Number of protein chains: 2
Amino acid sequence: MNKIARRMADIQPFHVMEILKRAHQLEAAGRDIIHLEVGEPDFPTPPTIVEAARDFLAGGHVHYTPALGLTALREAIARFYHDRFGADISPERIIVTPGASGALMLALAVTTDPGDEWLLPDPGYPSNRHLVRSFEGVARALPVDASTRFQPTPAQLADAWTARTRGLMVASPANPTGTLLTQAEIIALHEAVAARGGILIVDEIYQGLNYGVDASTALTSLEDVFVVNSFSKYFGMTGWRLGWVVAPQAYVRQIEKLAQHFFISPSTPAQHAALAAFTPATLEILEERRHAFAARRNTLLPALRELGFRFATEPQGAFYLYADISDLADNSETLARRLIEDAGVATTPGIDFGDNAPDRHLRIAYTTGEARLVEAAERIARVLRTG
Amino acid sequence: MNKIARRMADIQPFHVMEILKRAHQLEAAGRDIIHLEVGEPDFPTPPTIVEAARDFLAGGHVHYTPALGLTALREAIARFYHDRFGADISPERIIVTPGASGALMLALAVTTDPGDEWLLPDPGYPSNRHLVRSFEGVARALPVDASTRFQPTPAQLADAWTARTRGLMVASPANPTGTLLTQAEIIALHEAVAARGGILIVDEIYQGLNYGVDASTALTSLEDVFVVNSFSKYFGMTGWRLGWVVAPQAYVRQIEKLAQHFFISPSTPAQHAALAAFTPATLEILEERRHAFAARRNTLLPALRELGFRFATEPQGAFYLYADISDLADNSETLARRLIEDAGVATTPGIDFGDNAPDRHLRIAYTTGEARLVEAAERIARVLRTG
């Protein structure tokens, strides 16, 4: 017995796990490794959120919630959209999920027939194309580069669209590039998608982590759009596994059916924790952290530029720099290997993010403190000098 | 824009939600409702488990874990199999998941090509067939009744097997019928499946909730089998959303890829909580609860029999009675409606569990205290007398 479904041949692991495994080996051998490969904030969950969970847990009544999430949490998210972005969203359209991964699964499973194509910017978050494949859709890459701030354009979409295209997925801020779409760009992409009878999914998982530019949501301008979000990144709740999707009203009942069977309900402790995520006390902590991320970015970006890493476009969001390393090495995997072995600095080679010039790119996350970032740059400099 | 995937036409909601909604309406209007429809223990999570989570959370370091779960938890589960069942399972084969739902998704997605058939006992847990459909498989019902304790037989499997059949899913203890498979029956079913080059998935989600018979696992006898389990039921952790699947070694690396993209990792607080699930102090609490469930069953079963509910086979596990109501009413949905409206007793009509005589059956859960069960029987008696 050994019946592996065909889809598995197309589904790749996170390659960065090999880097991580090597980092752990080196650490076990006593080496000091600076982790610039990790896609989660180094900050702990804000104590206000933790305390809300601990208070809830004290009673021990950790039962299922409704499949779409606690009404109070859906209302709190709706209020957040109103208060921060001036977007009026009915709480009914907000579906709480096990992480943004769960949100993406629901959005794709409810819309995608076998053979339906989704257009995905490349480089992009790797799971997107594997989730499309999981539900027998076809992920088609839209190669993007610094000339459009690594974001797709309506013209590119027009070229790529076929009779089998179901829709377009974009991310703002984007992983791995840290670039944002302007509201005008989102509207133009939506117009191009809608004109073809397609669906737009906007990944706003890194919403709130933006530097020198205001946070925004597609929901300010658009109604018939799927917006995926998460408590992981801005709210510092990665391990809790909680996210949400705002769906067009016509899909909500269908999504509810899937949510029942996929998840029964999202984590109850995480939902009670998240009820404290939008309070003024929590938001104050989160804004302090955002400033810390901005300071890190402002330290690391020029330091890397000085070393010959190229950034033709300024990343303004998330906590990633997507560096063109072609002035430094022929191959980003080789360079990443050298950086971890010789400099003790872990980074993520481009291969994790698609097929569009992955050899030329490294993702560098500033999810560690400024002093460590400075040290990382110094160590990298030493290694490159001896190169 | 309104593109609903074709699979959604085949995916049904939990019909019991309509009963639950009506129960909440009646309660809001001041009526007292006895809940015998709920598929989760009424007991709170054991305080030992809750305290483990609260201690962990105090530090606030709630980060991602490995996609397959904390090594310590996988080892703890392996020790549990050894200590309680004498089954030696490598921790590497144990994959921690967001509930048993997540475990079922992984097992099906990694094995099922479009058009592949899965044989599922009917009545059975409704999500199984909808998860098969979600990954473009075809769920085929094996109608089972009291003559085989609602469990499929090798002969039935032989009749139903086709060139497109990928495997068989069974449950022991089963939902909604509360019946178990003996070890000999499991082995015989596995032999029949393996002889045809198929895959066996055994749902042991209600493992440990058994009365008058010892708990068991297919893993004592079988190696090439998927076994799905959960912290929800015996361990009283429904809302935490944590389960696991034991997979044949050859599938583990494939499943890891899927787990990364579907979930990133299971809930970190839930995993730290579950580390306390196998301690002697916790198991003592759980065994007390098991005795309470047994006492409830021993109260409710004869009381319902006296009222004309028929149980041709004795349920020995889970916390469900699957009653044949054909001596009492023509239709179980009508009866369920009457019981909630006139008796204030909520039950689950058979329609949620398949197409095999659902009109003739009601699922009655003893997930409430004995006094309430006695009162429920009295109230039902009054309503039936006035019928």
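Just so we're on the same page: letters track the sequence lines, and every chain starts at 1. Everything quoted here is computed from the prediction, not taken from an experiment.
Only the side chain of B:Met105 comes within less than 4.5 Å of a heavy atom in chain A; its backbone stays farther off. Contacts between A:Pro266 and chain B at a heavy-atom distance below 4.5 Å involve the backbone alone (N, CA, C, O). If you measure heavy-atom distances from A:Thr65 to chain B, you find no contacts under 4.5 Å at all. Contacts of B:Leu57 with chain A are made by both backbone and side-chain atoms, with heavy-atom separations under 4.5 Å. Within the 4.5 angstrom heavy-atom criterion, no atom of B:Glu256 approaches chain A. For A:Ala58, the parts sitting under 4.5 Å from any heavy atom of chain B are the backbone and the side chain alike. Residue A:Glu51 does not touch chain B at all, counting heavy-atom pairs closer than 4.5 Å. Using a 4.5 Å cut-off between heavy atoms, A:Asp42 contacts chain B through its backbone alone, with no side-chain atom that close. B:Tyr125 touches chain A through its side chain: at least one heavy atom from C-beta onward sits under 4.5 Å away, while N, CA, C and O do not. Of the two parts of B:Pro66, neither the backbone nor the side chain holds a non-hydrogen atom closer than 4.5 Å to a non-hydrogen atom of chain A. In this structure, chain A has heavy atoms under 4.5 Å from both the backbone and the side chain of B:His63. Looking at B:Pro41, only its backbone comes within 4.5 Å of chain A, counting heavy atoms on both sides.
Of all the heavy atoms in A:Thr238 and B:Val62, the pair that sits closest is OG1-O, 3.4 Å. Taking each heavy atom of B:Arg7 and A:Ala109 in turn, the nearest pair found is NH1-O, 2.7 Å. The two residues B:Pro44 and A:Gly59 make their nearest non-hydrogen contact at CB-O, 4.4 Å. The minimum heavy-atom distance between A:Arg166 and B:Lys3, with the atom names listed, is NH1-CB, 3.0 Å. When all heavy atoms of A:Ala250 and B:Ile4 are compared, the closest pair comes out as O-CD1, 4.3 Å. Of all the heavy atoms in A:Tyr64 and B:Arg241, the pair that sits closest is CE2-NH1, 3.7 Å.
Residue B:Glu92 qualifies as open at atom CD: its count of foreign heavy atoms under 6.0 Å is 12 or below. Counting non-hydrogen atoms of other residues, nucleotides and ligands closer than 6.0 Å to CD of B:Gln249 gives a total above 12. Counted within 6.0 Å of CD on B:Glu223, heavy atoms from surrounding residues, nucleotides or ligands total 12 or fewer; the atom is thus considered open.
Annotation: maximal heavy-atom pairing with chain B below 4.5 Å, among A:Arg253, A:Gln254, A:Gln12, occurs at A:Gln254. With respect to chain B, the highest number of heavy-atom pairs below 4.5 Å among A:Pro98, A:Gly39, A:Gly99, A:Ser134 belongs to A:Ser134. Counting heavy-atom pairs closer than 4.5 Å to chain A, the top-ranked of the candidates B:Val50, B:Thr268, B:Val110, B:Val193 is B:Val110. Counting heavy-atom pairs under 4.5 Å between each of B:Met17, B:Arg54, B:Glu136 and chain A puts B:Arg54 at the top. Among B:Val38, B:Thr112, B:Asp113, the residue making the largest number of heavy-atom pairs under 4.5 Å with chain A is B:Asp113.
Heavy-atom proximity under 4.5 angstrom to chain B picks out A:Leu258, A:Gln260, A:His261, A:Phe262, A:Phe263, A:Ile264, A:Ser265 from residues 258-265 of chain A.
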